Amino acid sequence: MLDPNIELFKNELKAEIKSELKAELDAEQEVEIAEHEYHYQKQFNKQYNYNCLSQNQYQGQSSENETENEANSDSEANSESEAEAEAEAEAAAEAEAAAVQVRKSYC
């Protein structure tokens with residue numbers, strides 16, 4: 001009579017110990033998975049921030065280059081227009097001088 005009770009008690013203890021060990025193992029695995037996901041997300045965020053930073057720097061350099069190009073083209077356009085204005089003024093002065101000389105020759 002004692003033998004069946006002892007065997008039954010042993011089986012119950014084994015089942016309880018197995019279930020507790022299984023629960024602990026599952027909990028540890030969940031913590032490891034959560035840590036892995038956390039580190040993965042952290043690494044992903046670092047890469048994303050790096051990409052944003054490098055893109056902003058590239059855009060900043062591009063806008064600086066565009067500004068320099070616009071300033072250079074504006075100064076070139078201003079110099080060209082000044083040169084054209086000077087050439088027109090010289091041409092007008094020469095034409096006027098020629099007209100004055102022609103008038104003097106008629107007088």
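Owing to the predicted nature of the structure, the values given are computational and were not obtained by experimental measurement. Along the sequence shown, the residues carry numbers beginning at 1.
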Checklist outcome for this item: Separation between CG (Leu13) and CG (Leu8), nearest 0.5 Å, reads 10.0 Å
Item to check | Of all pairs that satisfy salt bridge (Lys or Arg N to Asp or Glu O under 4.0 Å), the ones with a partner from residues 8-18, not counting sequence neighbours | outcome: Glu7-Lys10
Next on the checklist: Please enumerate all residues that pass side chain to side chain contact (heavy atoms under 4.5 Å, CB included) together with Asp26, with sequence neighbours excluded.
Outcome noted: Lys22, Gln29
Donor-acceptor list for residues 43-51 side chains, cut-off 3.5 Å, not counting sequence neighbours:
unit_1: Asn45; atom_1: OD1; unit_2: Gln41; atom_2: NE2; d: 3.2
unit_1: Asn45; atom_1: ND2; unit_2: Gln41; atom_2: O; d: 3.4
unit_1: Gln47; atom_1: NE2; unit_2: Asn51; atom_2: OD1; d: 3.2
unit_1: Asn49; atom_1: ND2; unit_2: Asn45; atom_2: O; d: 3.3
unit_1: Asn51; atom_1: ND2; unit_2: Gln47; atom_2: O; d: 3.4

Checklist entry - So which residues get pulled into Leu21's cluster when ILVMFWY side chains under 4.5 Å apart are joined, directly or through others? => result Ile17
